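Source: prediction; values computed, not measured.
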Amino acid sequence: MIMPLIKGLQITISHMFKKPVTLQYPTERPEIKPGFRGLHALNVSHDKAKCVACYLCPTVCPAKCITVEAGEDANHDKYAAKYEIDMLRCIFCGYCVEACPVDAIRMTEQFELANYSRADFTYTKDRLLEKK
């Protein structure tokens with residue numbers, strides 16, 4: 001009865017002098033590794049989204065979470081009039097980023113995606129443009 005107690009105290013005391021392996025989140029932020037795939041963001045070129053509505057990203061998306069609708073501006077150039085990503089369905093595979101021929105979409109390091117309602121998980125074009 002005494003020996004297991006002494007062994008337990010020995011283990012506890014030995015861990016008291018080791019460096020902790022946990023973070024005190026959210027005061028301590030984790031180090032984001034290169035190649036991490038977090039929230040999506042649309043890249044901007046000349047004050048507008050680079051997306052040309054080619055429909056490659058919704059085509060290659062295995063979760064079918066991307067919705068794109070094309071529009072046409074005064075110069076007859078196509079642009080994404082509507083661009084939405086349903087984050088409840090997204091599996092963060094990154095195929096949309098790899099398929100984009102104009103580098104219009106990228107994955108950010110943002111990993112805090114918690115929300116209170118289902119509607120907040122639908123990221124529209126405006127919400128995706130404001131991500132850095």
Side-chain angles (χ1 to χ4, degrees):
M1 174 101 177
I2 296 291
M3 285 308 288
L5 178 66
I6 291 173
K7 282 190 174 186
L9 285 173
Q10 185 181 19
I11 292 172
T12 301
I13 290 172
S14 70
H15 282 280
M16 289 176 66
F17 300 106
K18 291 181 181 176
K19 183 180 175 187
V21 293
T22 57
L23 293 175
Q24 297 298 316
Y25 184 82
T27 56
E28 293 181 36
R29 307 296 296 181
E31 176 187 339
I32 305 297
K33 301 292 182 189
F36 175 78
R37 289 182 280 202
L39 183 63
H40 303 71
L42 289 175
N43 290 329
V44 176
S45 176
H46 299 97
D47 294 333
K48 63 180 184 178
K50 288 177 80 175
C51 181
V52 293
C54 66
Y55 296 101
L56 281 177
C57 51
T59 303
V60 299
C61 180
K64 303 295 181 201
C65 65
I66 301 174
T67 304
V68 178
E69 289 181 7
E72 193 172 298
D73 63 4
N75 298 330
H76 302 289
D77 293 330
K78 278 178 55 177
Y79 70 98
K82 176 183 176 184
Y83 195 99
E84 287 183 356
I85 300 177
D86 185 0
M87 286 299 169
L88 292 175
R89 299 180 68 185
C90 182
I91 58 174
F92 299 92
C93 62
Y95 287 171
C96 53
V97 175
E98 293 179 21
C100 186
V102 293
D103 194 30
I105 189 167
R106 61 183 164 84
M107 305 291 260
T108 63
E109 295 179 347
Q110 185 175 353
F111 61 90
E112 296 161 318
L113 303 174
N115 281 311
Y116 291 103
S117 68
R118 293 185 68 82
D120 291 338
F121 285 100
T122 301
Y123 281 76
T124 61
K125 182 179 173 183
D126 294 333
R127 286 180 73 189
L128 293 170
L129 283 173
E130 65 190 27
K131 303 295 174 210
K132 300 295 176 199

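Taking the salt bridge (Lys or Arg N to Asp or Glu O under 4.0 Å) definition, one finds that Lys33 meets it with Glu31, sequence neighbours left out. With sequence neighbours excluded, the residues that form a side-chain hydrogen bond (donor to acceptor under 3.5 Å, both in side chains) with Asp120 are Ser117. Judged as a side-chain contact (heavy atoms from CB on, under 4.5 Å), and not counting sequence neighbours, the contacts of Arg37 are Met107.
Hydrophobic cluster membership differs between Tyr25 and Leu113, with clusters built from Ile, Leu, Val, Met, Phe, Trp and Tyr side chains linked at under 4.5 angstrom.
Using a 4.0 Å cut-off between charged nitrogen and carboxylate oxygen, Glu112 and Arg29 count as a salt-bridge pair.
Within 6.0 Å of atom OH in Tyr95, 12 or fewer heavy atoms from other residues, nucleotides or ligands are found, so the atom counts as exposed in its surroundings. In Lys64, the NZ atom is crowded: over 12 heavy atoms of neighbouring residues, nucleotides or ligands sit closer than 6.0 Å.
Between Thr67 atom OG1 and Lys125 atom NZ the span is 14.0 Å, to the nearest 0.5 Å.
Using a 4.5 Å heavy-atom threshold, the side chains of Cys100 and Lys50 count as separate. At a threshold of 4.5 Å between non-hydrogen side-chain atoms, the residues Glu84 and Glu69 do not count as touching. Inter-residue side-chain proximity for Met87 and Phe92 is flagged as met; some heavy-atom pair is nearer than 4.5 Å.
The main-chain N or O of Asp77 is never found under 3.5 Å from a side-chain atom of Asn75 such that the two would form a donor-acceptor pair. A distance-only check finds no donor-acceptor pair linking the side chain of Asp73 to the backbone of Tyr79 [under 3.5 Å].
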